[in-house]
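Everything below concerns the one structure shown next.
One-based numbering along the sequence shown. Order of appearance sets the numbers: ligands from 1, and atoms from 1 within every ligand. Every value quoted in this text rests on a predicted model; they were computed, and no experiment measured them.
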Amino acid sequence: MLNIAVNFKREINIMEVKRLKTKGETMIERTEDQFWAYEIDENNSKEDLVLLDNVQFIYELSLAELELKALDVNFEVTNGLREFKILNKSNEQKKLIKRKGAYYKTVDGQLTDYFKIIQKNRTRSVNQYLTHWIYPYKGKFHPQMIRALLNIIGLNEGDTVLDPFSGSGTTALEAQLLGINFIGIDISPLCVIQGKVKTESIYFIDEIKKLKKEIFQNYSSNLFQTDENYYDILNNLSEDERIKNFYRLARLLAVSDNSRRKRDFFNSFIKNIDLMISSVEDFIRVKDELNLTLGNVKIEVGDSRNIKLSDNSVDGIITSPPYSIALDYVENDIHSLKDLGFDVLKMRDDFIGVRGNGRSKIELYNEDMKKSYKEMHRVLKKDKYAVIVIGNATYQGQEVKTVEFTIDIMENLGFKLEKNINKIIFGLYNVMKKENILIFKKVK
Ligand SMILES: C[S@@+](CC[C@H](N)C(=O)[O-])C[C@H]1O[C@@H](n2cnc3c(N)ncnc32)[C@H](O)[C@@H]1O
């Protein structure tokens, strides 16, 4: 047990975590191209279960508990609050938590798989490990929460989960890591590219690296000149859509960096390609180290109001629809969508929460979401769960009760609300983010 920790420590070449003792703060330092939020020492607590250091909110504790319940583990919280005692000790259950759990650092002093996965992080953000960070999509799920929810709704290797608003592909990657098959649709082609690149690139990293050499050897000087079309160059260099998607997204990252942060386009492009490749290689490494069986991933452009799946065909749904009219998803990614050559004006008509003007926007949202929830009900198997993460929006200073609306519609369709978890987060500068995690069971 100790050996595993020591070996892992040696292997990743652990660095010093500098402590500012006077303030009681610990800096998260970068070494070997990675950021480390945690110490891995040989004195891991021998308590049965220890929570990860980043678990801080009440909703996370609640999910951590639900996760244990779903894995049939009886437990008791110890005085330290971050350590749990397992009451029904069986090796089988401990193995399960170590392999699948989302909120635990150690089980019997042994590091969990999730702990090892999140060490492979090229960013400063603790939840943007592996390929999650690629592209700064607004409104991404917290991946740790998704891993927990996949466990909570009882999904196992070989099951299929659907996200009909798959966005940047958070559920896709987390399902894949747990060996759960994933089907995702999103109306935005930009989102579909993100999800695909994050989950598919591990299967052809050699070709990706080969193309990088070719691009830089032959085209670097004129790659971004106006008379040279980058996408035409890509089409000439490769026929494989998966590889082209990787290089499309690398360019779009630079487009986004340039439009949002005024970063130099070409420098940003080069830096991002290297980081993207390193992240994909991290993914391959951790998959091999932990002997993970990955789930299959299928992501397509599609409309959640008309899902192309048969009735009663999926084992679970985890999703987060637009929060009423809170965010204009077309406007938010306008630079990238235009760069890809899309007619953004035409596109708006299919985006839920964006259609229409003024008050009619909310009515159209409600109408569209009724259709989407009906579709979710149709494709989900009976007695299985649909998790909807959603918050209220504000329109002209007034709260739009999207959460209540959602519960109402879902219950009318034949879902039963099993849990309604408040997810309140206070951020910097007095910003409060309030959402609900709604767990429904299809009972009718
Ligand atoms: C809250 S975001 C999802 C974010 C996602 N959970 C993540 O982790 O990145 C909502 C998504 O709904 C998508 N969307 C809007 N209208 C849609 C429609 N008619 N069909 C499918 N997706 C749609 C948007 O493009 C957006 O990506």
Side-chain angles (χ1 to χ4, degrees), residues 125 127-150 161-177 182-199 249 256 297 299-309 317-334 336-337 340 342 344 346-356 361 364-376 379 386-393 402-403 406 423 433 435-438:
S125 167
N127 57 52
Q128 293 297 290
Y129 48 87
L130 300 184
T131 50
H132 274 303
W133 69 272
I134 301 176
Y135 200 82
Y137 197 67
K138 212 169 170 179
K140 280 183 189 177
F141 272 145
H142 199 304
Q144 187 175 25
M145 172 183 90
I146 298 303
R147 185 175 174 100
L149 287 168
L150 287 162
V161 66
L162 164 74
D163 184 345
F165 297 95
S166 65
S168 63
T170 315
T171 314
L173 179 50
E174 287 305 315
Q176 185 184 29
L177 286 167
F182 176 83
I183 301 176
I185 55 175
D186 200 287
I187 200 74
S188 161
L190 171 66
C191 287
V192 173
I193 293 179
Q194 291 173 53
K196 281 178 184 276
V197 169
K198 289 176 187 183
T199 52
L249 199 58
S256 162
V297 175
I299 309 175
E300 279 171 7
V301 173
D303 192 330
S304 62
R305 294 166 297 182
N306 180 16
I307 300 175
K308 306 250 178 301
L309 289 174
I317 296 175
I318 298 182
T319 197
S320 179
Y323 294 9
S324 187
I325 58 170
L327 182 63
D328 188 325
Y329 285 97
V330 180
E331 197 55 42
N332 200 46
D333 287 311
I334 197 145
S336 294
L337 288 168
L340 283 169
F342 287 103
V344 284
K346 222 163 133 202
M347 261 185 152
R348 294 183 69 80
D349 290 343
D350 293 324
F351 274 69
I352 295 177
V354 171
R355 295 202 299 134
K361 248 182 163 181
L364 287 171
Y365 170 86
N366 292 349
E367 205 177 278
D368 287 341
M369 283 313 300
K370 272 185 202 165
K371 288 186 191 153
S372 302
Y373 289 134
K374 198 166 169 211
E375 280 292 82
M376 290 187 216
V379 301
V387 183
I388 315 285
V389 181
I390 197 152
N392 288 344
T402 320
V403 177
T406 307
K423 179 172 178 277
K433 213 174 154 205
E435 296 166 325
N436 292 62
I437 304 168
L438 307 173

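The environment of NZ in K361 is crowded: more than 12 heavy-atom neighbours from other residues, nucleotides or ligands sit within 6.0 Å.
Partners of T406 by side-chain contact (heavy atoms from CB on, under 4.5 Å), not counting sequence neighbours, listed by chain and number: Y373, I388, I390, T402, M410, L438. When the side-chain contact (heavy atoms from CB on, under 4.5 Å) test is applied to L309, the partners found at least two apart in sequence or on another chain are L162, I183, I307, S313, V314, V379.
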Between ligand 1 and the protein, tabulate every N or O atom pair separated by less than 3.5 Å, reporting distance only.
| from | atom 1 | to | atom 2 | distance (Å) |
| --- | --- | --- | --- | --- |
| ligand 1 | 8 (O) | F141 | N | 2.8 |
| ligand 1 | 8 (O) | T170 | OG1 | 2.7 |
| ligand 1 | 9 (O) | S168 | N | 2.8 |
| ligand 1 | 9 (O) | S168 | OG | 2.6 |
| ligand 1 | 16 (N) | I352 | N | 2.9 |
| ligand 1 | 19 (N) | D303 | OD1 | 3.1 |
| ligand 1 | 19 (N) | D350 | O | 3.1 |
| ligand 1 | 20 (N) | S304 | N | 3.0 |
| ligand 1 | 20 (N) | S304 | OG | 3.4 |
| ligand 1 | 22 (N) | I187 | N | 3.3 |
| ligand 1 | 25 (O) | D186 | OD1 | 2.7 |
| ligand 1 | 27 (O) | Y137 | OH | 2.7 |
| ligand 1 | 27 (O) | D186 | OD2 | 2.8 |

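Between I352 and P322, the closest heavy-atom pair is O-CG, 3.5 Å.
Applying the side chain to side chain donor-acceptor pair (under 3.5 Å) test to residues at least two apart or on different chains, the pairs with a partner in residues 138-147 are N54-Q144, N127-H142, Q128-K140.
A donor-acceptor pair under 3.5 Å links the side-chain atoms of K198 to the main chain of S168, judged by distance alone.
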